[in-house]
Amino acid sequence: MQNLREELLTAQRDLTKQLSLSKQREQEHEKQVNRLKRQCEQQENDRSNGESWRSMEQRTNTLEKCQSELLVLVKKQMKLIEILKEQRSHARAAALLGITEKTFVKEVIA
C-alpha cells in the first residue's frame, strides 16, 4: 500500500514537472507568436520597404505552425491532468480495498 502511494506521488511529481515544462514552452511559443505578429504588422504598415509577399506568407505559415504546436501542448497537458486524476482515484480505491480486505480477514478469523 505504501509502495503504491510512493509510486503515485512520484507519478504526480513527474506529471507536475512535465506540466510546468509544457507551460514554459507554451509561454515561449506565445512570445514568439506575438513577436512574429508584431513583425508582420510592422511589415504590413511598411509595405513600401519592398518586402515580398512570399516572405510574409512564410511568416504566416510559421505563426500557424506555432499555433498548432501550442494546441498540441494544451491537449497533452489535458491528457496528463486526466491521467493524474485517474491515478488519484485508483489510489483511493486501492486504499479502501486494503482496509476492506483487512476487516474481512478479521471477521473470517473471528
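All figures in this text were calculated on a predicted structure; none of them were measured in a lab.
- Atom CD of residue Q24 and atom CG of residue L19 lie 10.5 Å apart, to the nearest 0.5 angstrom.
- Rounding to the nearest 0.5 Å gives a distance of 7.0 Å between CD of E57 and OG1 of T60.
- When T16, L15, L9 are each tested for a side-chain contact (heavy atoms from CB on, under 4.5 Å) with R13, only one passes: L9.
- The distance from atom NZ of K17 to atom OG of S22, rounded to the nearest 0.5 Å, is 14.0 Å.
- To the nearest 0.5 Å, the span separating CD on Q18 from CZ on R25 amounts to 9.0 Å.
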Which donor-acceptor pairs under 3.5 Å do side chains of residues 63-91 form with protein atoms, sequence neighbours excluded?
{"unit_1": "S68", "atom_1": "OG", "unit_2": "K65", "atom_2": "O", "d": "2.7"}
{"unit_1": "E69", "atom_1": "OE1", "unit_2": "H29", "atom_2": "NE2", "d": "3.3"}
{"unit_1": "S89", "atom_1": "OG", "unit_2": "E86", "atom_2": "O", "d": "2.8"}

